[in-house]
Number of protein chains: 2
Amino acid sequence: MINDLEMAVGDSHDESKLELRLWLRLLSTTKLISQELRRRLRTDFNATLPQFDVLSQLYRENDGLRLGELSQRTMVTNGNVTGLVERLEGDGLLVRERLGQDKRVTVAKLTEHGRREFEKMAAAHESWLKELMTGLDPIVLSGLFSHIGHIKRTAIEHLARAGELETLPD
Amino acid sequence: MINDLEMAVGDSHDESKLELRLWLRLLSTTKLISQELRRRLRTDFNATLPQFDVLSQLYRENDGLRLGELSQRTMVTNGNVTGLVERLEGDGLLVRERLGQDKRVTVAKLTEHGRREFEKMAAAHESWLKELMTGLDPIVLSGLFSHIGHIKRTAIEHLARAGELETLPD
DNA sequence: TATTGTTATACTCTATAACTATA
DNA sequence: TATAGTTATAGAGTATAACAATA
């Protein structure tokens, strides 16, 4: 069950492939944890990770979000956001509304049921992570948080330069 | 295009949700980079990330790997490894063989074409990562490598304790 | 003409479980 | 009985592109 891709580049400890080795370790780690979180989300809440992502975006926006904005924030294409939102609407967790002057714009907003349901999911989600990371030094976690942020910003910068991103995030 | 899930837990800088905040940042970062790598793998090599993972496992094993072993290393279930391997076999990148005394065992092994193809993919893959992580301090990368390894081992430990894993990795 | 969102399509991954054949 | 791998199934994610309504 354990990903070993990172070993496939060899055990050499030189710095020549540092980026690659770090990436493979990042990938296998997030895959390991993601699979467990997905399993629990499905078992306990019949939800997926992308769905959880959508709900969490809407939870903090009392006025809801335009689907295009939702698409950007979740890194899911417009077309696929439609399907994602449709499933959640089918479950009664959110509604779509066309209220503004611009008749093209659709806003997705959590229902009351959606808010309550997401609160349960978020609480469970948080406790799962605490469980899986029990025993880790807060100083280390805090340092990681900062450094991973740096990695992310660096990647975004290079992607923007290569024209892969329309919008630069904050 | 940029995932913002991590902001959804609020901007508080207390340590109460440190694990959660780190996790969300890890997830959005790997998603950002993964999407780009997947896009390039598909465009340039008509391959997927799980396929790349399989190939990289086989590349370093001259005698090939039993499918069960492959399943564990890639964190893909047995049934799904069959499909994954079938697609790669269809592309002529690997072959399946039943040679041992134990007639139940199937070994997957790269073909010559598969070796050459993977070498191209791996070289491109490595250069993409160098590109996306250009400018990062090697000391930082090295520290991250070590700390992420710690996170991974911690998660594995907790999962093993919860009976979620059959085998413990090295 | 450009933008917002939908529809259509094709493929792959993922999870689960029943099944075959060997051991 | 247990194990290795396959088959079957259902659901969801992903990428791409064409499309309708509106601006």
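Throughout, protein chains are lettered first and strands after them, A, B, ... in sequence-line order, and every chain is numbered starting at 1.
Taken residue by residue, residues 97-106 of chain A places heavy atoms nearer than 4.0 Å to DNA chain D at Gln101(A), Asp102(A), Lys103(A), Arg104(A).
By the rule that hydrophobic residues join a cluster once side-chain heavy atoms approach within less than 4.5 Å of another member, Leu84(B) and Met75(B) end up as members of one cluster.
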Report all interatomic pairs (protein N or O, nucleotide N or O of nucleotides 16-19 of chain C) with separations under 3.5 Å.
none

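Remark: of the listed residues Val54(B), Val85(B), Val81(B), Thr82(B), Val81(B) is the sole one forming a side chain to side chain contact (heavy atoms under 4.5 Å, CB included) with Val76(B). For the pairing with Leu129(A), the side chain to side chain contact (heavy atoms under 4.5 Å, CB included) check across Glu131(A), Glu126(A), His125(A) returns one residue only, His125(A).
A straight line from CG of Leu67(A) to C1' of dT3(C) spans 14 Å, rounded to a whole angstrom. The CG-C1' distance, from Leu84(A) to dA15(D), rounds to 15 Å in whole Å. Here the P atom of nucleotide dA15(D) and the CG atom of Leu41(B) are 12 Å apart, to the nearest Å. The distance from atom CD of Gln72(A) to atom P of dT3(C) is 13 Å, rounded to the nearest whole Å. Distance, Glu86(A) CD to dA12(D) C1': 14 Å, rounded to whole Å. We find that CG of Asn78(A) is positioned 14 Å from P of dT16(D), with the value rounded to whole Å. As rounded to whole Å, 10 Å separates atom P of dT16(D) from atom CD of Gln35(B). Rounded to whole Å, the distance from CG on Asp91(A) to P on dG11(D) is 13 Å.
At the heavy-atom level, Glu69(A) lies nowhere under 4.0 Å from the strands shown. In this structure, Thr82(B) reaches the bases: a heavy-atom distance under 4.0 Å links it to at least one base atom across the strands shown.
Side-chain N/O atoms of Arg66(B) include none lying less than 4.0 angstrom from OP1 or OP2 on dT3(D).
Across dT6(D), dT14(C), dT12(C), the shortest atom-to-atom separation from the side chain of Gln51(B) is found for dT12(C).
Partners of Asp102(B) under the side-chain hydrogen bond (donor to acceptor under 3.5 Å, both in side chains) rule, at least two apart in sequence or in another chain, are Arg104(B).
A distance of 6.0 Å or more separates the ring centres of Phe45(B) and Phe52(B).
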